[in-house]
**Q** 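Shown below is the structure under consideration.
Values reported hereafter were calculated over all heavy atoms of this structure, with side chains retained and with hydrogens, waters and symmetry mates removed.
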Amino acid sequence: CGVDLRGEYPVLFRVKTDLRRQEPARWKIVGDALQQLIRVYLEPICRGLDGAAATVRTRDQRLSDEAADLSARLKEQVDYLSRLGTPVGENTVRWIEFSRSDDGSIRFWAVKEAPISVAEILQQFYDKVQSAVFTSATLSTERNDFTFFLSRLGLSDRIGEGDRHALESDLPYDNALFVIPRYLENIPTPSRMEFFASELARELTHLFSFTNGHGMSLMTARKRMEQVFETAGPELEKSGVYLLAQGLSGSAETVTSRLRAQPDGTAVVGLNKLWEGVDVPGPALSILGIEKLPFPAFHQPITQARREAVVEAGESDFFDYLLPWTLIRFKQGFGRLIRGPEDKGVVILFDRRIHHKSYKPAVLGCLPGYCIRPECENSRTEMLRAISEHLPELFVGRDVEELLARLPEDPISAVAALLSQWQLSSPVTESEYAELRKRVMELIKAVFGFDDFRSDEQEEIVKQILCGRD
């Protein structure tokens with residue numbers, strides 16, 4: 001197929017056409033083999049499991065239920081195998097997945113499919129019940145907006161405004177200091193991702209050394225988690241803090257159990273399983289890092305298909321699907337911090353782009369509560385000082401000023417200081433620009449290293465922006 005199968009991630013091929021029309025002779029061979037597999041092996045196994053479930057039901061209900069469950073799951077696979085070569089349904093996305101070895105050979109392959117929307121499928125369930133209660137801490141996006149949840153589950157016409165209730169939490173979310181550092185140099189875009197991961201490793205080293213562990217950082221990609229672990233782990237160990245990585249140091253349960261039992265000198269980095277269902281109450285988890293917003297992988301066939309369906313319905317694939325999905329996931333991660341009535345801590349989102357995104361209000365609005373200190377976001381030193389003031393119990397017997405003095409200079413502290421002098425309250429006039437031009441050049445040289453504009457047109461653009469004509 002001309003695709004290089006070497007690499008770190010599986011190769012995914014989305015199936016959009018009827019493959020039988022392309023290779024009818026070969027597909028007949030495959031179809032005959034599948035039917036033989038089903039008739040000779042799988043169907044007899046299903047009948048045997050059904051018989052076993054019936055035979056032992058009166059003597060061992062648990063064993064009977066296990067046999068019945070195995071039979072039901074196997075029948076699902078039989079049904080899927082029988083449809084393997086059939087055309088893809090309108091509400092179905094099907095894809096072939098290859099997992100590769102380092103030498104490019106195929107380690108395993110699988111054919112997978114999923115419904116694009118479960119809304120219609122669930123209607124038959126709703127029709128069978130007189131009432132149903134849906135409850136979770138992450139059903140809504142911005143405050144009391146249940147639109148996304150109701151739409152995806154086909155409930156928009158069944159649950160009216162009067163039946164949608166957002167209850168106040170009894171957890172003290174205002175005890176969560178939420179910080180989005182502005183001083184970071186790199187952002188998690190594809191072209192800058194390697195640099196971002198390196199900078200994130202450095203920041204987590206400073207952070208968990210300063211707090212002596214008591215922390216966890218949620219990652220969105222295994223490659224970056226491994227890079228952070230390999231870079232920050234040895235550096236943290238020098239200060240007596242042991243960094244554990246999900247899957248490398250043990251399972252999700254293993255690394256979080258260690259954090260609960262020995263929070264002093266322990267920090268954790270992890271992936272999907274740590275974003276939800278993890279409960280580390282009390283000061284053991286006082287610092288929660290989130291590398292970036294957990295957008296779904298755009299290359300995944302299921303994501304592509306659902307985005308296409310949203311666009312076909314006349315909606316925005318970003319604002320009506322990707323963003324709400326991400327906000328719910330982000331809420332789940334944020335919720336790892338405050339788990340009990342006495343909990344207190346800090347959440348740090350290491351993606352400074354949020355400050356300039358139109359959806360920043362949606363990111364903040366989806367959270368159940370938090371407190372902020374904007375003045376601490378411009379400097380690593382000030383951020384860590386704010387953490388020590390917010391969590392004084394972590395620093396009992398430790399000299400905070402001495403710890404801060406050990407920190408290296410903020411990477412762009414000089415530029416940040418220069419930029420802070422350029423807080424214009426209103427646009428300038430043409431004559432004021434002529435007076436400001438010398439300072440403009442000083443700023444450009446400090447930030448970009450240029451002695452002058454590259455062209456008259458470039459300067460004209462800057463001038464128009466400063467004069468309020470962007």
**Q** For atom CZ of Arg454, decide whether the heavy atoms of other residues, nucleotides or ligands shown that lie under 6.0 angstrom number more than 12.
**A** no
**Q** So do Leu243 and Val268 actually touch side chain to side chain, heavy atoms under 4.5 Å?
**A**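 A side-chain contact under 4.5 Å is absent here.
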**Q** Write down the atom of Leu244, the atom of Ser249, and the distance for their closest heavy-atom approach.
**A**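 Minimum heavy-atom contact is CA-OG, 3.5 Å.
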**Q** Should we count CD of Glu120 as having more than 12 external heavy atoms under 6.0 Å?
**A**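 Open: at most 12 neighbouring heavy atoms sit under 6.0 Å from CD of Glu120.
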**Q** So which heavy atom on Val241 is nearest to which on Gly213, and how close?
**A** CG2-N, 4.0 Å
**Q** Are Arg158 and Tyr126 side-chain neighbours, meaning at least one heavy-atom pair lies under 4.5 Å?
**A**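 Yes, at least one pair of side-chain atoms sits under 4.5 Å.
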**Q** Taking Ser117's backbone N and O only, do any of them form a donor-acceptor pair with Asn91's side chain (distance below 3.5 Å, no angle check)?
**A**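 Answer holds: yes.
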**Q** Could you tell me whether the side chain of Leu12 reaches within less than 4.5 Å of the side chain of His299, counting heavy atoms only?
**A**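 With C-beta onward as the side chain, the pair touches.
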**Q** Of all heavy-atom pairs between Leu322 and Pro296, which one has the smallest distance, and what is that distance?
**A**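 Looks like CD2-CG, 3.6 Å.
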**Q** Evaluate the side-chain proximity of Glu382 to Tyr183: yes if any heavy-atom separation is below 4.5 Å, no if none is.
**A** no
**Q** Can you sort out the partners of Glu308 under side chain to side chain donor-acceptor pair (under 3.5 Å), two or more places apart, ordered by chain and number?
**A**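 Expected list: Arg14.
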**Q** Taking the inter-plane angle between the rings of Tyr359 and Phe318 on a 0 to 90° scale, is it parallel (under 30°), tilted (30 to 60°) or perpendicular (over 60°)?
**A** tilted
**Q** Please test Glu377 against Arg352 for salt bridge (Lys or Arg N to Asp or Glu O under 4.0 Å), starting from the C-alpha separation and ending with a verdict.
**A** CA-CA 10 Å; Glu377 295 180 332; Arg352 61 177 171 82; over 6 Å; no
**Q** Do NZ/NE/NH1/NH2 and the carboxylate oxygens of Glu402 and Arg406 come within less than 4.0 Å?
**A** yes
**Q** Under 3.5 Å, is there a donor-acceptor pair between the side chain of Glu199 and the main chain of Glu185?
**A**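 Here the side-chain-to-backbone pair exists.
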**Q** Looking at Asp264, is its backbone amide N or carbonyl O close enough to the side chain of Asn212 to form a donor-acceptor pair, meaning the two atoms are under 3.5 Å apart?
**A**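 No: the side chain of Asn212 does not pair with the backbone of Asp264.
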**Q** Between Phe98 and Phe108, is a ring pair (Phe, Tyr, Trp, His ring centres under 6.0 Å) present by the stated rule, with each step listed?
**A** CA-CA 6 Å; Phe98 295 91; Phe108 76 87; 9.3 Å; no
**Q** Could you check whether atom OH of Tyr80 has more than 12 heavy atoms from other residues, nucleotides or ligands sitting under 6.0 Å from it?
**A**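 More than 12 within 6.0 Å, yes.
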**Q** Does a side-chain N-to-carboxylate-O contact under 4.0 Å join Glu76 and Arg73?
**A**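 Salt bridge absent between Glu76 and Arg73.
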**Q** In Å, rounded to the nearest 0.5 Å, how long is the span from OG1 of Thr231 to CZ of Arg224?
**A**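 The CZ atom of Arg224 is 13.5 Å from OG1 of Thr231, to the nearest 0.5 Å.
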**Q** Would His390 and Lys344 count as having a side-chain donor-acceptor pair, cut-off 3.5 Å?
**A** no
**Q** Quick one, Val88 and Lys16 - any side-chain contact, counting heavy atoms below 4.5 Å?
**A** no
**Q** Is the closest basic N to carboxylate O distance between Glu389 and Arg373 below 4.0 Å?
**A** yes
**Q** Taking Trp275 for its side chain and Met219 for its backbone only, find out whether a donor-acceptor pair lies under 3.5 Å.
**A** yes
**Q** Are the side chain of Arg260 and the backbone N or O of Asp279 linked by a donor-acceptor pair below 3.5 Å?
**A** yes
**Q** Just verifying a value: how many Å separate Leu207 CG and Leu200 CG, rounded to the nearest 0.5 Å?
**A**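 Those atoms lie 10.0 Å apart.
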**Q** Applying the side-chain contact (heavy atoms from CB on, under 4.5 Å) test to Ile354, which of Lys292, Arg182, Lys360 qualifies?
**A** Lys360
**Q** Taking all non-hydrogen atoms of both residues into account, name the closest pair between Gly369 and Asp174 and its distance.
**A** CA-OD1, 4.0 Å
**Q** Under the side-chain contact (heavy atoms from CB on, under 4.5 Å) rule, collect the residues that match up with Val310, sequence neighbours excluded.
**A**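 Once residues adjacent in sequence are excluded, the partners of Val310 under the side-chain contact (heavy atoms from CB on, under 4.5 Å) criterion are Arg152, Glu315, Asp320, Tyr321.
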**Q** Is any NZ, NE, NH1 or NH2 atom of the basic residue among Lys273 and Glu253 found under 4.0 Å from an Asp or Glu carboxylate oxygen of the other?
**A**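 The answer is no: the pair does not qualify as a salt bridge.
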**Q** Do Glu226 and Leu248 come within less than 4.5 Å of each other through their side chains, counting heavy atoms only?
**A** yes
**Q** Just verifying a value: how many Å separate Leu139 CG and Leu150 CG, rounded to the nearest 0.5 Å?
**A** 8.5 Å
**Q** We want to know whether Gln464 and Glu460 form a side-chain donor-acceptor pair, criterion being a heavy-atom distance below 3.5 angstrom.
**A** yes
**Q** For Gln123 and Gly154, indicate whether the former's side chain and the latter's backbone hold a donor-acceptor pair under 3.5 Å.
**A** yes
**Q** By salt bridge (Lys or Arg N to Asp or Glu O under 4.0 Å), which residues pair with Glu168, not counting sequence neighbours?
**A**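 Partners of Glu168 under the salt bridge (Lys or Arg N to Asp or Glu O under 4.0 Å) test: none.
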**Q** In terms of side-chain geometry, is the basic nitrogen of Glu401 or Arg385 positioned less than 4.0 Å from the acidic oxygen of its partner?
**A** yes
**Q** So is Arg437 actually on top of Tyr433's ring, under 6.0 Å and inside 45° of the axis?
**A**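 Arg437 over Tyr433 ring: no.
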**Q** Take Lys463 and Glu457 through the salt bridge (Lys or Arg N to Asp or Glu O under 4.0 Å) test and state the conclusion after the steps.
**A** CA-CA 10 Å; Lys463 185 172 105 174; Glu457 289 83 0; over 6 Å; no
**Q** Is atom CG of Asp157 surrounded by more than 12 heavy atoms (other residues, nucleotides or ligands) closer than 6.0 Å?
**A**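 Atom CG in Asp157 is not crowded, with 12 or fewer foreign heavy atoms closer than 6.0 Å.
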**Q** So does Phe195 have more than 12 non-hydrogen atoms from other groups sitting under 6.0 Å from CZ?
**A** no
**Q** Begin from the C-alpha positions of Arg439 and Glu442 and carry the test salt bridge (Lys or Arg N to Asp or Glu O under 4.0 Å) through to its verdict.
**A** CA-CA 5 Å; Arg439 291 181 58 203; Glu442 291 175 354; 5.5 Å; no
**Q** Lys331 vs Glu142, test: salt bridge (Lys or Arg N to Asp or Glu O under 4.0 Å). Steps then yes/no.
**A** CA-CA 10 Å; Lys331 283 178 68 174; Glu142 296 180 65; over 6 Å; no
**Q** Counting only N and O atoms by type, is there a donor-acceptor contact under 3.5 Å from the side chain of Ser286 to the main-chain atoms of Pro283?
**A**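 Checked: pair present.
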**Q** Should the heavy atoms of other residues, nucleotides or ligands under 6.0 Å from CD of Glu90 be counted, would the total exceed 12?
**A**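 No - once you tally the heavy atoms of other residues, nucleotides and ligands closer than 6.0 Å, there are 12 at most.
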**Q** Run the salt-bridge test on Glu194 and Lys223 with the 4.0 Å N-O cut-off and return the result as yes or no.
**A** yes
**Q** Have Gln262 and Thr266 got a donor and an acceptor in their side chains that come within less than 3.5 Å?
**A** no
**Q** How far apart are the closest heavy atoms of Ala252 and Leu274, and which atoms are they?
**A**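 What the structure gives for the nearest pair is CB-CD2, 3.7 Å.
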**Q** Check for a donor-acceptor pair, side chain of Asp145 on one end and backbone N or O of Thr141 on the other, with a separation under 3.5 Å.
**A** no
**Q** Can you name the closest pair of heavy atoms from Ser209 and Ser239 and give their distance?
**A** OG-OG, 3.1 Å
**Q** Please examine the side chains of Lys112 and Pro301, heavy atoms only from C-beta on, and report whether any two atoms are closer than 4.5 Å.
**A** no
**Q** When you look at CG of Asp456, are more than 12 heavy atoms from neighbouring residues, nucleotides or ligands closer to it than 6.0 Å?
**A** no
**Q** Angle class for the Phe334/Phe178 ring planes (parallel below 30°, perpendicular above 60°, tilted otherwise)?
**A**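 If you compare the ring of Phe334 with that of Phe178, the planes turn out perpendicular.
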**Q** Side chain of Ser151, backbone of Thr147: donor and acceptor closer than 3.5 Å?
**A** no
**Q** Do the rings of Phe210 and Phe395 sit parallel, tilted or perpendicular, given the 30° and 60° boundaries?
**A**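 Judged by the thresholds at 30° and 60°, the geometry between Phe210 and Phe395 is tilted.
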**Q** Check whether the side chains of Ser251 and Thr254 place a donor and an acceptor atom closer than 3.5 Å, and report yes or no.
**A** yes
**Q** Using a 3.5 Å distance criterion without hydrogens, assess whether the side chain of Arg336 forms a donor-acceptor pair with backbone atoms of Val278.
**A** yes
**Q** May I ask you to test the Ile116-Thr92 pair for a side-chain heavy-atom distance under 4.5 Å?
**A** no
